[in-house]
Trainee: 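Structure below; questions to follow.
Owing to the predicted nature of the structure, the values given are computational and were not obtained by experimental measurement.
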Amino acid sequence: MTPPLASRMPPPPTSRSRPGSATDGSPSGSTASGPLSGSAADGTRPPGSAAGGILFPDPLPPLTSALPRQPPPTPARPHLWLVTTAVHQETVTRYAPLVLDPAELARAEEFRRPGDRATYMCAHVGLRRLLAAHLGIAPRAVSVARAPCPCCGEPHGRPVLPDGRLHFSLSHCEGLSLIAVAATPVGVDVEPVPPPQTVAEAADVLHPAESAELAALAPGPGAAAFARVWTRKEAYLKGTGVGLGADPAAEYVGSGPVPTDPAGWLLADVAVPAGHRAAVAVRMVRGASPPKPP
């Protein structure tokens with residue numbers, strides 16, 4: 001289970017860079033256009049497609065429903081899936097020993113709260129099912145390794161498949177999980193909107209321009225905008241493999257309706273249930289054209 005957002009905040013950084021332009025604090029339902037948005041040529045909505053710049057994940061079917069073989073993702077268009085613990089908990093609890101490996105089962109037992117344990121199992125069973133549907137193998141046969149850390153080279157970077165055929169990312173908070181599968185390195189993050197007190201305590205770890213944007217908002221909109229900027233930032237840092245070992249103030253991603261893309265990456269907000277915010281970051285491939293907005 002991902003620890004509460006406030007507990008993951010690093011201490012305020014000593015240096016910051018890249019001032020950004022101020023944006024408004026409109027909620028995650030706002031519409032925006034961007035390179036990750038768009039629809040298929042036939043007008044249908046593929047997994048991870050957008051409406052007005054917000055990406056809509058597909059709900060993961062329950063474990064009792066077999067997943068069909070998944071098509072490979074295309075550059076700049078990750079496949080996004082939402083896993084609601086309440087929908088999956090009963091079947092996952094029953095079948096998890098047949099799907100998860102011993103390390104995952106041991107990790108699940110470390111959670112003290114039953115709800116956290118259930119969300120962890122639902123997230124990891126869901127991830128294995130999706131990767132297996134892409135690879136054409138059984139979920140338990142999926143093998144996951146760790147990429148070298150970009151900072152130190154040690155094997156504790158982002159999770160990867162050994163052959164590098166697919167890239168994926170997983171994030172979960174209480175009762176909700178978000179999974180991305182992509183053709184290039186990808187990161188996702190989902191968080192509950194924090195209380196205003198958390199925003200006041202944590203805003204200093206953001207880019208100075210982002211902190212200024214939040215300071216100009218009332219507490220309610222400010223909390224939603226903080227969750228939006230934080231999920232964008234953490235999705236990007238997870239995609240790079242550095243995570244919160246990097247200075248979250250170093251890159252400006254913005255707190256308004258339209259994210260600012262870090263160099264070489266595309267950012268988009270993801271539609272999730274009320275009271276939460278989520279984002280996805282996917283690395284661009286040189287020469288690849290992102291989908292055009294509708």
Trainee: Hey, is Glu174 close enough to Arg113 for a salt bridge, meaning N to O under 4.0 Å?
Mentor: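 Salt bridge between Glu174 and Arg113, a charged N being under 4.0 Å from a carboxylate O: yes.
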Trainee: Strictly by side-chain hydrogen bond (donor to acceptor under 3.5 Å, both in side chains), give each pair with a member in residues 134-149 just once, sequence neighbours left out.
Mentor: none
Trainee: Please name all residues satisfying side chain to side chain donor-acceptor pair (under 3.5 Å) with Thr85, sequence neighbours left out, ordered by chain then number.
Mentor: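 Only Thr119 meet the side chain to side chain donor-acceptor pair (under 3.5 Å) criterion with Thr85.
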Trainee: Can you sort out the partners of Tyr236 under ring-ring contact (aromatic ring centres under 6.0 Å, His included), two or more places apart, ordered by chain and number?
Mentor: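 Tyr236 satisfies ring-ring contact (aromatic ring centres under 6.0 Å, His included) with Trp265 only.
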Trainee: For Arg158, enumerate each residue passing the salt bridge (Lys or Arg N to Asp or Glu O under 4.0 Å) test, keeping only those at least two apart in sequence or located in another chain.
Mentor: none
Trainee: Determine, using the 4.5 Å side-chain heavy-atom cutoff (strictly less than), whether Leu131 and Leu170 are members of one ILVMFWY cluster.
Mentor: yes
Trainee: Can you list everything that forms a side-chain contact (heavy atoms from CB on, under 4.5 Å) with Pro62? Sequence neighbours excluded, please.
Mentor: Thr64, Ser65, Val87
Trainee: Hey, could you give me the OG/CG distance between Ser171 and Asp189, rounded to the nearest 0.5 Å?
Mentor: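 CG of Asp189 is found 4.0 Å from OG of Ser171.
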Trainee: Quick one: do the Ser255 and Glu213 side chains pair a donor with an acceptor below 3.5 Å?
Mentor: yes
Trainee: With side chains defined as the heavy atoms from C-beta onward, is the minimum distance between Phe56 and Leu82 less than 4.5 Å?
Mentor: no
Trainee: For a 4.5 angstrom cut-off between non-hydrogen side-chain atoms, does Leu130 reach Leu67?
Mentor: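 Yes, close enough: below the 4.5 Å cut-off.
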Trainee: With side chains defined as the heavy atoms from C-beta onward, is the minimum distance between His88 and Val83 less than 4.5 Å?
Mentor: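 A side-chain contact under 4.5 Å exists here.
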Trainee: Listed by chain and number, what are the side-chain contact (heavy atoms from CB on, under 4.5 Å) partners of Leu98, not counting sequence neighbours?
Mentor: Tyr95
Trainee: Examine Val253 and Leu214 and state if one hydrophobic cluster contains both, with Ile, Leu, Val, Met, Phe, Trp and Tyr joined whenever side-chain heavy atoms are less than 4.5 Å apart.
Mentor: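 Cluster IDs for Val253 and Leu214 match.
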Trainee: Using the ring-ring contact (aromatic ring centres under 6.0 Å, His included) criterion, which residues pair with His167? Sequence neighbours excluded.
Mentor: none
Trainee: Salt bridge (Lys or Arg N to Asp or Glu O under 4.0 Å): which pairs involve residues 159-171, sequence neighbours left out?
Mentor: Asp163-Arg165
Trainee: Taking NZ, NE, NH1 and NH2 as the nitrogens, is one of them in Asp269 or Arg277 under 4.0 Å from a carboxylate oxygen of the other?
Mentor: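 Not counted as a salt bridge, because no side-chain N and carboxylate O are separated by less than 4.0 Å.
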Trainee: Taking NZ, NE, NH1 and NH2 as the nitrogens, is one of them in Glu234 or Lys238 under 4.0 Å from a carboxylate oxygen of the other?
Mentor: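 The answer is no: the pair does not qualify as a salt bridge.
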Trainee: Is there a donor-acceptor contact under 3.5 Å from the side chain of Lys233 to the main chain of Glu251?
Mentor: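 Judged by distance alone, yes, a pair lies under 3.5 Å.
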Trainee: For Val242, give me all partners under side-chain contact (heavy atoms from CB on, under 4.5 Å), at least two apart in sequence or on another chain.
Mentor: Pro150, Cys151, Thr240, Ala246
Trainee: Under the salt bridge (Lys or Arg N to Asp or Glu O under 4.0 Å) rule, collect the residues that match up with Glu109, sequence neighbours excluded.
Mentor: none
Trainee: Sequence neighbours left out, what passes side-chain contact (heavy atoms from CB on, under 4.5 Å) with Val99? Give chain and number order.
Mentor: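 Val125, Arg128, Pro139.
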Trainee: So, Glu104 and Arg107, do they make that salt bridge, N to O below 4.0 Å?
Mentor: no
